[in-house]
Amino acid sequence: MEYNFRKIEQEWQKKWMETGAYTVSNDSTKPKCYVLDMFPYPSGAGLHVGHPLGYIASDIFARYKRLKGFNVLHPMGYDSFGLPAEQYALETGQHPAVTTNNNIATFRSQLDKIGFCFDWTREVRTSDPKYYKWTQWIFLQLFGSWYNPVADKAESIQTLVTIFETAGNKATGKTNEGFSAAAWNAFTETRKREILMDYRLAFSSYGEVNWCEALGTVLANDEVVNGLSERGGHPVVKRKMRQWYLRITAYADRLLAGLEKVAFSESLKEQQRNWIGKSQGAEISFALSTEDVQLTVYTTRPDTIFGVDFMVIAPEHELVSKITTAEQKTAIDNYLTYVKSRSDRERMAEVKQVTGCFTGAYAINPFDGRKIPVWIAEYVLAGYGTGAIMGVPCGDQRDYDFAKHFELPVTNIIGDAFDGITANATKDAVLSDSGFLNGVPMRDAIDTVITKLVEMGIGKRQINYKMRDAGFSRQRYWGEPFPIVWTDGEAYPLAEKDLPLELPHVDKYGPGPMGEGPLANLADWMNTPAGKRETSTMPGYAGSSWYFLRYMDPHNNENFCDRKVSDYWNQVDVYVGGTEHAVGHLLYSRMWTKVLYDLGHICFDEPYKRLVNQGMITGRSYFFKTDESGSQIVSYKKDEPAATFKRMKYGHQYVDNVGKLTKTAFDKSLQDHPSDAATMVVDWQNDGEDFIYLKEESEKMSKSKFNVDNPDDLVDKYGADTFRMYEMFLGPVEASKPWDTKGIEGVHRFLKKLWRLFFDEIKGKSWKDEKASPGELKILHRAIRKIEDDTERFSYNTAVSTFMICVNELNDIKCHKKPILEQLLVLLTPYAPHIAEELWQQLGNAGSILDAAYPVFDVQYVTESSKEYPVSVNGKVRTNISMALDISQAEVEHLILANEVVQKWLEGKAPKKIIYVKNKMINVVI
RNA sequence: GCCCAUGUGGCGGAAUUGGUAGACGCAGCAGACUCAAAAUCUGCCAUUCGCAAGGGUGUGAAGGUUCGAUUCCUUUCGUGGGCACCA
């Protein structure tokens, strides 16, 4: 009987589907485990080999936990709203709903072939009205809440109204522009609503937004990369528009603090911390010598105040026109014109270039009365801090460069720590030439100066964040409509009973008038008796910010998720996905979770307990080296100087492991892809060899690089079980690695070998129902211990190795005993479920192996190991020399090596040398 | 520039977290079976000296701690990723 994987896999996939083997109940006495994948955006390209990597990893974990007796939630769905479908609609006229459904069908059929244990009865799609009803509902929760800094959490906006009515706005932490309770009560309704809008967690405001002309929409900060749109790479410009925002900045501190209690990788946490960009410092107000105004700067280094040689304010700063002197007016105007002419891209590209202009005004140093010139320069950003800085050239390289460029004096306040050539940003130096701070270490001076500033009433401690509130409007069609109606310039929420506000059908996907989205073209839909509907839609991250909650209770029409159910499933125990969402999705969903927690809808405030980032699988690309003329292909040798290269299209499967392409393979490649022939001409006669070497590179997989491998082909050829195990065997889940199918044969061989433990090709059944010997049990239990440990740690590559070793050992001793094989199959189930189930049934077991009990590791079979050196202390045998680390000096004195044991272990060879060493350690040299 | 990873055979990668470095797999070499091929099986496979027994050297480089370092510390180089006028 042969290992017929095609038949086995098809049969079991069908059977498991029919019997609902993967359906999970919310009602169980078992402990729960929630294993989640980042759901995919259903793109037209379908799956490539990089996609399933994370899905397989989580699938193994989910199956493993199930065997260990957990009630495991392991769902899948689609992030089905988004830009690409709409772009495609613009080009082809096909409705995004149609293309999205087609793409989902393709995805599903590809996923099914790999044999995942998803509970498909819980599938969610963000573009389904039954789903986005609740996205809209959560938006209304955000709209209806504010962040109470005293309670340090979100509360209903009603509590804010009560505070205003009884105490004015002093109690809310906003100290500028205060109003009393009486003043509030006297405000008009419109004024009140305007003020409340400044507090809402989802709010509308005029602001500078990232406008992408090519996409016709606004983008969030994390969707803009180097001044270009993340999708498509189109230019992005700043533009003032009325927009919806999420007040994520209110959660900056809690998002930061929450990182301490979750198991994310250090680099991912670091990325989030960077993005939030918390910095502690001070705001200092300087008097200006000419005007009756103050210039407030933000600095993290108030200790360097005696080293201030100039001030720089952003060109957009409101004081610029006020303080510029008559003599400098022309120069400043010219500079402002220059700044306006430059795009963000140019500014970013020319970071090193120093520009600026003197305003003619001077600020006064409050401590020594020195006159400090005030400049404007584009390196100071209007949007951060106060848009003004104090320049300390000896302590900050940018300030130093600025001073040198404009020949400003440089004051040294750190003595020898400043070499006069480069700035030194140290905090460890001792201050000099610093008035009352002379001799004080800089680190300590920070607090001293702030205290003094506060006393003098010209400064205060201040914390700033780089993170901005997140833009939440998109001028697009294919997204959630806002449940908002505008009347007299005021936003009014829809009642809960009117949700979902369904996306109306459109025939054209072009933008509406005045920079509005396509929905603005639908007068009938837009204009309602109550007012004009909001025509922008929500961004892609809206639906994905809470989907993990919907999986728990996907068919609930009364609630986004029943509280009892979310109490049961609780946090996601393991979340598997790529790092590309580090600062987007992961931050937004953490914020939404905190809001829902604050408002009492769920009982936890971090969504994901543990995050596993799967690495990227890179494709192999091959390049032909060409001669000078560029028309002839010649052999490429390592260490050769760079020459012209041409990308080999389609051909990577013809090249062998060392980049060698033989004439036969080359001819076959041309035969299969005749279109390549024109660009690939090799004069084999001239070279006198029947092969050439190609240059090989690892690149991100993409269609345009012709290096995409499709999982379907591999599953057809080797089966899902082989494919699953091979993807895991390739290397650690978290590492990026090149895709190479050459090793898949080895894994396939392993499964065939496993099969032969049960069935002989000629004699048929070879397993026997006999009692296992201790030696056999030892092999099994070593595997149990290692595989269980590896699976918990997501170290799947070493687990697969262990399977191979175990099967090899059983094969060597010709062990075909049922008790051993049976347990081995259970161990294997998470990795290769189809073959495990088939053989399980062949052994005559009644139930499905999916519900079998995970083997229990028995320590008695594995205490002996050839790696362990027996050493005896006071006649008592210690089995592992490393354990001897904790023995005392006295024990060492009395140490007796049990020579008989050692000799037995070393097959008759006595130890050559026994070294008694100090510090509790004994070495045995064999 | 700053931050975070990372560096081990021809290749992907192991190493019980300080204790025989190179497990397992791929590729390669030799052999068995076969008319032949496929499949399967056996042996070899870091490097260097040696017929061999057996030595020497080896985890990017240089130091340090330790009886002992791929693992910990310092410096340095290379690669990958993130942030980038954030004061």
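Numbers restart at 1 for each chain; the letters A, B, ... are given by sequence-line order, proteins then strands. Predicted, not measured: the structure shown is a model, and the values here were computed from it.
At the heavy-atom level, N808(A) lies under 4.0 Å from the strands shown only through sugar-phosphate atoms.
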Report all interatomic pairs (protein N or O, nucleotide N or O of nucleotides 41-43 of chain B) with separations under 3.5 Å.
unit_1, atom_1, unit_2, atom_2, d
C41(B), OP1, R756(A), NH2, 3.4

Output one line per pair: protein atom, nucleotide atom from nucleotides 1-7 of chain B, and distance, for all N/O pairs under 3.5 Å.
unit_1, atom_1, unit_2, atom_2, d
C3(B), O2', E270(A), OE2, 3.4

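A salt bridge links R461(A) and D447(A); the closest N-O separation between the charged side-chain nitrogens and carboxylate oxygens is under 4.0 Å.
In this structure, G9(B) is classed as syn because its glycosidic torsion stays within 90° of zero. Glycosidic conformation, U17(B): syn, with the torsion inside 90° of 0.
The interatomic distance linking F402(A) (CZ) with C85(B) (P) rounds to 17 Å, in whole Å. Atom OH in Y384(A) sits roughly 14 Å away from atom C1' in C83(B) (whole-Å rounding).
Between H585(A) and H581(A), the ring planes lie perpendicular to each other; the angle is over 60°, past the 30° to 60° tilted range. By the 30° and 60° cut-offs, the orientation of the rings of W375(A) relative to F402(A) is perpendicular.
S285(A) places no side-chain N or O within 3.5 Å of a backbone atom of L295(A) that could act as its donor or acceptor partner.
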- Message: Walk me through whether F286(A) and M390(A) qualify under side-chain contact (heavy atoms from CB on, under 4.5 Å).
- Response: CA-CA 10 Å; F286(A) 289 81; M390(A) 53 186 221; 4.2 Å; yes

